Amino acid sequence: MRAPSSTITAHTNSTCRIAQSGIHRSSTSLPSPSSTKLLKQTHATLLRSGEIHDAIIAGKLISNIANSHPSNLPYALTFLSHPTNIPINAFAWNSLIRGFAHSPFPENSISLYRRMLDEGFFPNNYTYPFLLKASSYLEDSRVGLSLHATIIRRGLDGMDPFIQTSLISFHAVLVSVETARQLFDESLVRDVTSWNALIKGYVACGQHMNAIYMFQAMQDCGPICGDEITMLSVVSACAHLGALEMGRWVHSYIARNRLVLSLNLGTALINMYAKCGEIDNAKALFWKMQEKDVRTWSVMINGLAIHGHAKEALVLFAEMQRFGVVPDSVTITALLIACSHGGMVERGRTIFSRMRMDYDIEPTIEHYGCIVGLLGRAGRLDEALALIRRSSLKPDIVLWGSLLVDCMVHKNIGMGEIVVKEILKLDPSNAGAHVFLSNMYATSGKWDVVQEVRNFMKEQMIHKPPGSSLIEVNGVVHEFLSGDSSHTQFDGIYKMLDEICRLVSLKGHKPLVGGVSFDINDEDREVCLSQHSEKLAVAFGLISTNPGSVIRIVKNLRICRDCHAVMKLVSEAFGRIIIVRDCNRFHHFSKGSCSCGDYW
DNA sequence: TTAGGGTTAG
């Protein structure tokens with residue numbers, strides 16, 4: 001029987017199928033045999049038959065070995081130093097470079113490329129995409145930039161769509177998305193893959209709005225329809241922005257264009273609905289999915305966790321295990337987040353302390369972050385600090401920063417000082433640490449030291465990152481910064497803000513100035529507080545959406561106590577549901593209360 | 001005979 005392909009397979013009777021079946025070298029290929037034993041049998045057969053001296057057949061064998069499994073790469077490399085006269089051509093070199101690019105040792109792709117040049121072979125248009133991918137995996141922009149220079153020198157830039165897309169992808173992720181955009185604009189062929197590389201680049205560097213603009217531009221530019229990969233990036237951008245209307249539109253685009261709702265895309269959509277505050281939609285889609293992998297379950301558990309549905313998250317985790325799905329590091333993170341927001345301190349501690357034993361998962365800095373957050377939020381700061389000290393992992397700035405916030409919330413000045421020292425060791429110009437110091441000295445009346453800290457910050461140009469809130473109205477995402485007056489509807493927003501202040505004051509609300517930055521007097525503090533970005537966003541939401549509709553806001557920092565109290569009162573006074581996603585979790589404000597139960 | 005684009009987490 002004639003085999004449908006010329007992929008090299010071995011038979012136990014030591015007869016090579018290629019030879020036996022008279023298959024031509026140019027036939028199309030079957031999936032590669034992954035079994036090392038089979039590959040070795042084929043190798044032996046080809047040696048016996050002498051066909052190994054055919055460069056094309058030898059190349060196929062090397063390619064199959066190099067791309068079967070990373071553990072076979074040393075075996076594939078032996079062909080470069082084989083004592084018998086096995087011919088090696090550019091195809092074989094490319095196959096080896098490709099194999100290493102996708103392995104845990106991408107640096108070997110680069111050394112192979114150098115060796116290829118040293119041995120007098122010419123890289124071709126297949127070689128560079130593999131090398132650029134290796135340099136992306138290596139996260140070493142110098143390697144990729146040097147390759148880019150070579151590509152230009154050899155006149156290959158702009159000539160080959162594969163090289164061009166590889167360059168766009170490399171620049172977008174490792175150098176600058178602006179350069180990637182320039183390369184994209186200059187490219188002669190723009191297909192769905194090059195659009196995808198750029199859109200993904202915008203997502204990777206956090207420019208989610210630009211990712212969506214590029215997707216819209218892709219629609220406007222012609223007949224190219226987004227595919228599953230496009231949608232993964234676009235849906236992820238919507239999730240980051242909390243842009244529900246756009247996310248819904250993208251979901252319908254997927255259906256309209258009959259794109260398969262794959263496991264990955266379904267998972268991305270569940271995440272999008274959860275991150276946009278639509279946890280019920282996320283759940284509905286989750287249970288509708290025929291196939292679910294560990295990511296699907298993790299995304300759903302995390303969604304429940306950030307909405308404060310801690311018990312449901314733990315129940316779902318148990319369900320996941322009943323389905324035989326093995327949890328990974330991200331699943332455990334989601335569980336710890338659930339415990340943290342649900343105030344389930346002991347449960348969280350138990351999961352954390354047993355994760356190695358129960359699930360064979362080594363705690364990472366992310367897990368420590370969760371557990372420190374869990375303890376810190378519950379006011380158990382000493383335990384949190386002791387845990388960090390006991391850890392064999394080096395605490396990073398995020399971990400210390402999280403503890404510092406809890407020191408401020410729980411007014412533990414002594415520990416705050418310790419934490420600040422640790423932060424300044426890692427980042428001498430950390431804004432949060434300096435602000436803490438200044439506030440701390442101000443509280444104890446040491447104004448001369450306060451002035452020193454302020455001067456230092458001015459000299460060093462250290463600024464706190466501004467609070468920012470996003471709100472989507474009629475499919476357009478509007479961003480507000482604290483004290484922002486740049487919006488076109490500035491007058492209306494500030495009038496509504498005054499009205500909010502008047503109404504909440506009638507309800508007996510007193511501005512909670514504790515969390516406000518220094519450098520301003522008390523009256524200004526109140527003004528500053530009233531212009532926090534989420535308040536501007538809610539004022540804009542109130543004047544630009546229909547009465548009774550839900551207002552959704554995404555904030556980049558943790559919501560402050562004053563804004564939290566005001567949101568509760570606004571939800572009651574204006575009869576609105578207000579959903580705020582801060583950097584940690586969701587707050588659903590309705591009829592004067594919040595879903596977090598004032599624990600966040 | 002090989003090739004470019006991929007969703008989740010403190």
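Letters A, B, ... are given to chains in the order of the sequence lines, protein chains preceding strands, and every chain is numbered from 1. Computed from a predicted structure; not experimentally measured.
Residue Lys60(A) places no side-chain N or O under 4.0 Å from the OP1 or OP2 atom of dT2(B). The side chain of Lys275(A) places no N or O atom within less than 4.0 Å of a non-bridging phosphate oxygen (OP1 or OP2) of dT7(B). For the OP1/OP2 pair of dT8(B) and a distance below 4.0 Å, the side-chain nitrogens and oxygens of Ser236(A) include at least one atom meeting the criterion.
Residue contacts shown for Asp396(A) include a base, since a base heavy atom lies under 4.0 Å away. Within 4.0 Å of Asn271(A), counting heavy atoms only, lie sugar-phosphate atoms of the nucleic acid but no base atom. Using a 4.0 Å heavy-atom cutoff across all strands shown, Asn89(A) reaches at least one base atom of the nucleic acid. Within the 4.0 angstrom heavy-atom criterion, base atoms lie near Thr267(A). Within 4.0 Å (heavy atoms only), Val398(A) reaches at least one base atom of the nucleic acid. Within the 4.0 angstrom heavy-atom criterion, no nucleotide atom of any strand lies near Tyr368(A). Across all strands shown, Val235(A) has no heavy atoms under 4.0 Å from either base or sugar-phosphate atoms. Contacts of Leu263(A) with the nucleic acid, taken as non-hydrogen atoms under 4.0 Å apart, are absent. At a threshold of 4.0 angstrom between heavy atoms, the contacts of Ile365(A) include nucleobase atoms, whether or not backbone atoms are also involved. If you check every strand for non-hydrogen atoms under 4.0 Å, Glu228(A) touches a base.
Taking atom NE2 of residue His240(A) and atom C1' of nucleotide dT7(B), one finds them 10 Å apart after rounding to whole Å. For Leu316(A) and dT8(B), the CG to C1' distance is 14 Å, given to the nearest whole Å. A straight line from CZ of Phe130(A) to C1' of dT1(B) spans 11 Å, rounded to a whole angstrom. The OH-P distance, from Tyr128(A) to dG4(B), rounds to 16 Å in whole Å. Between the CG atom of Asn67(A) and the C1' atom of dT2(B) there is a distance of 8 Å, given to the nearest Å. One atom, OH of Tyr359(A), and another, C1' of dA9(B), lie 17 Å apart when rounded to the nearest Å. The interatomic distance linking Ile332(A) (CD1) with dA9(B) (C1') rounds to 12 Å, in whole Å. Separating the CG atom of Leu132(A) from the P atom of dT2(B) is a distance of 20 Å, rounded to the nearest angstrom.
For Thr165(A), counting side-chain heavy atoms from C-beta on, the closest listed nucleotide (dT2(B), dG4(B), dT7(B)) is dG4(B). For Arg295(A), whose side chain is taken as the heavy atoms from C-beta onward, the closest listed nucleotide among dA9(B), dT7(B), dG10(B) is dT7(B). The side chain of Asn196(A) sits closest to dG5(B) out of dA3(B), dG5(B), dG4(B). Distance from the side chain of Ile56(A) is smallest for dT1(B) among the nucleotides dT8(B), dT1(B), dG5(B). Considering only side-chain atoms of Glu366(A), the nucleotide from dA9(B), dT2(B), dG4(B) that sits closest is dA9(B). Listed nucleotides dT2(B), dG5(B), dA9(B) differ in distance to Lys200(A); the shortest reach to its side chain belongs to dG5(B). If you check dT2(B), dG10(B), dT8(B) against the side chain of Leu399(A), the one that comes closest is dG10(B).
Stacking here means ring centres nearer than 5.5 Å and ring planes tilted less than 30 degrees, and by that measure Phe162(A) stacks onto dA3(B).
Between Arg558(A) and Asp406(A), at least one side-chain N (NZ, or NE/NH1/NH2) sits under 4.0 Å from a carboxylate O, which counts as a salt bridge.
Here His341(A) and Trp600(A) keep their ring centres 6.0 angstrom or further from each other. A ring-centre distance under 6.0 Å is not found for Phe122(A) and Tyr128(A).
Aromatic ring orientation, Tyr137(A) versus His102(A): perpendicular (interplanar angle above 60°, classes split at 30° and 60°). Using the six-membered ring where Trp is involved, Trp297(A) and Phe323(A) have ring planes that are tilted, between 30° and 60° apart.
The local environment of CD in Gln290(A) is sparse, with at most 12 non-hydrogen atoms from other residues, nucleotides or ligands closer than 6.0 Å.
Figure legend: Arg190(A) and Phe184(A) shown as a cation-pi pair, the cationic atom lying under 6.0 angstrom from the six-membered ring centre and within 45 degrees of its axis.
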